[in-house]
Amino acid sequence: MHVQQNKNLKPHCSSNFTATVREKTNKTVILISDVITDPSQLTKAKDTAIRWSVMAKWGQGDPRWIVEERADATNVNNWHWTERDATNWSQEVLNELLLRVRVEGEDGVCQITDVSTIEGEASINNRKGKLIFFYEWNIKASWTGTSKNGIKYKGNIEVVNLSDENDMDDLDICITACKDQPPTPLTAFMKKEGEKEIKLALASYVSHLKKEFAQGMILPTANGVDKEQQHVQKKVKMDKTQIDSSSSTKASSSGVKIPTVKFSLKETFLTSPEELYRVFLNQEMVQAFTHLTALVEADRGGKFRLLEGNVYGEFAELVPDEKIVMRWRFATWPAGHYSVVTLNFIDRGGETELTLEAKGVPTSEEERMKEGWQRYYFDAIKQTFGYGVRIC
């Protein structure tokens, strides 16, 4: 190896010297562009240049130093630290999974009816092609038990240490009955069987986070997709095949397309459009025709939850006395999937024609949703407020 000092080249970087590596009759020539008069500095510069030549020798360098080409020039080789915030997504998925918890036994049925608090954060980080998951949550929820005699009991649930640092078996889940409730075997039943279902729901959240929300975090290299990302995509593909081969409802959050349909209903109510419009947005009136506690935030973007949490969503558009557009779903639908329901109130002189248009309804849920709207909305409203009885 020959090291040559070059006084004619001007430096074009901020370092004390610039090294250029060339192949010439099997010898690597290092050109040091600065004039270095201090012998100790020159020796140090030569040593450094030699080390660089070993690392950068064409075709023989350490593969970790090779920068692969990417069409979009984004995070080459996944070398840079990237982060994706999963907090909002996690809160929605946790809420939906927990509201599906339901256990039935000899003494009755218990189920989670409301998730009041989901505090914490979640994120995914990609560092040098490795995914690192962070999540930490404190959760509070309510459960309702119904005995075989139809007596209802209420209680609370608290999860205080759901995080990436704790195993699912180490979860601290506190299940209690409300202080004003009489003793019931349903409390012990919920503590034993309900806790198992809660852990399964939380484990499902962690699985969704790692296998679905993480997709796209590791970018493909010149040779294709990173091995870890290939594993994730292979798993998703397998899940898709399994789901497609069954008749079960398909989860949109996993990237699998859910077959959907649209339908329309029409009903006549013996009241004005103004009064009927108010029935759907007034919380006390909603509680009256459902005969259960309900949440109704009568604003654009406001939430609604009724029928013990089995139906919920948000109001996307409100045109007073004329139209209501809502994102509507059953709690048992795949996480994150909503239908779009539009209600139009048409004045027919002394009565109101209500038309319902529903889009994005899972194919397997069409009849259930039609029957639910007819029974729990239309018929219940007529029976409660007398809008189906014509007085002569």
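From a predicted model like this one, the values you see are computed outputs, not experimental measurements.
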Just wondering, do [Y] and [X] contact through their side chains at under 4.5 Å, heavy atoms?
X: Leu295; Y: Tyr312; answer: no
X: Val115; Y: Leu94; answer: no
X: Leu99; Y: Asn95; answer: yes

Working to the nearest 0.5 angstrom, can you tell me the gap between Met326 CE and Leu318 CG?
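Between Met326 CE and Leu318 CG, I get 8.5 Å after rounding to 0.5 Å.
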
Between atom CD of Gln283 and atom CZ of Arg305, what is the distance when rounded to the nearest 0.5 Å?
12.5 Å

So, [X] and [Y], do they make that salt bridge, N to O below 4.0 Å?
X: Arg368; Y: Glu365; answer: yes
X: Glu274; Y: Arg278; answer: no
X: Glu308; Y: Lys152; answer: yes

How would you list all residue pairs meeting salt bridge (charged side-chain N to carboxylate O under 4.0 Å, His left out) that involve residues 319-333, not counting sequence neighbours?
Glu96-Arg329, Glu314-Arg327, Glu317-Lys323

Side-chain donor-acceptor contacts of residues 372-380 below 3.5 Å, not counting sequence neighbours, with atom names and distances?
unit_1, atom_1, unit_2, atom_2, d
Gln374, NE2, Asp379, OD1, 3.0
Tyr377, OH, Trp328, NE1, 3.2

Please name the pair of heavy atoms, one in [X] and one in [Y], separated by the smallest distance, quoted to 0.1 Å.
X: Asn156; Y: Ser142; answer: OD1-OG, 3.9 Å
X: Asp164; Y: Phe134; answer: OD1-CA, 3.7 Å
X: Tyr205; Y: Ser90; answer: OH-OG, 2.9 Å
X: Leu98; Y: Ala201; answer: CD2-CB, 4.3 Å
X: Asn166; Y: Asn161; answer: ND2-O, 3.0 Å
X: Tyr338; Y: Gly313; answer: CE2-CA, 3.9 Å

When you measure from the side chain of Thr352 to the backbone N and O of Asp347, does any donor-acceptor pair fall under 3.5 Å?
no

Check whether Phe269 forms a cation-pi arrangement with Lys382 (NZ or CZ under 6.0 Å from the six-membered ring centre, at most 45° off the ring normal).
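Relative to the ring axis of Phe269, which defines the angle, Lys382 lies inside both limits.
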
Atom [atom1] of residue position [X] - does it have more than 12 heavy atoms of other residues, nucleotides or ligands inside 6.0 Å?
X: Glu121; atom1: CD; value: no
X: Lys179; atom1: NZ; value: no
X: Lys199; atom1: NZ; value: yes

Side chain to side chain donor-acceptor pair (under 3.5 Å), that's the test. Do Ser116 and Asp114 meet it? Break it down for me.
CA-CA 6 Å; Ser116 58; Asp114 181 62; 4.7 Å; no

Derivation and outcome, side chain to side chain contact (heavy atoms under 4.5 Å, CB included), residues Asp107 and Thr184:
CA-CA 9 Å; Asp107 298 307; Thr184 171; over 6 Å; no

Would you please test Tyr153 and Ser147 for side chain to side chain donor-acceptor pair (under 3.5 Å) and show each step?
CA-CA 8 Å; Tyr153 301 88; Ser147 69; 5.0 Å; no

Between Ser204 and Arg100, do the side chains contain an N or O donor and an N or O acceptor separated by less than 3.5 Å?
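The criterion, which ignores hydrogens and geometry beyond distance, is not satisfied for Arg100 and Ser204.
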
Of the options Leu200, Ile175, Leu171, which is the one that meets Glu195 in a side chain to side chain contact (heavy atoms under 4.5 Å, CB included)?
Ile175

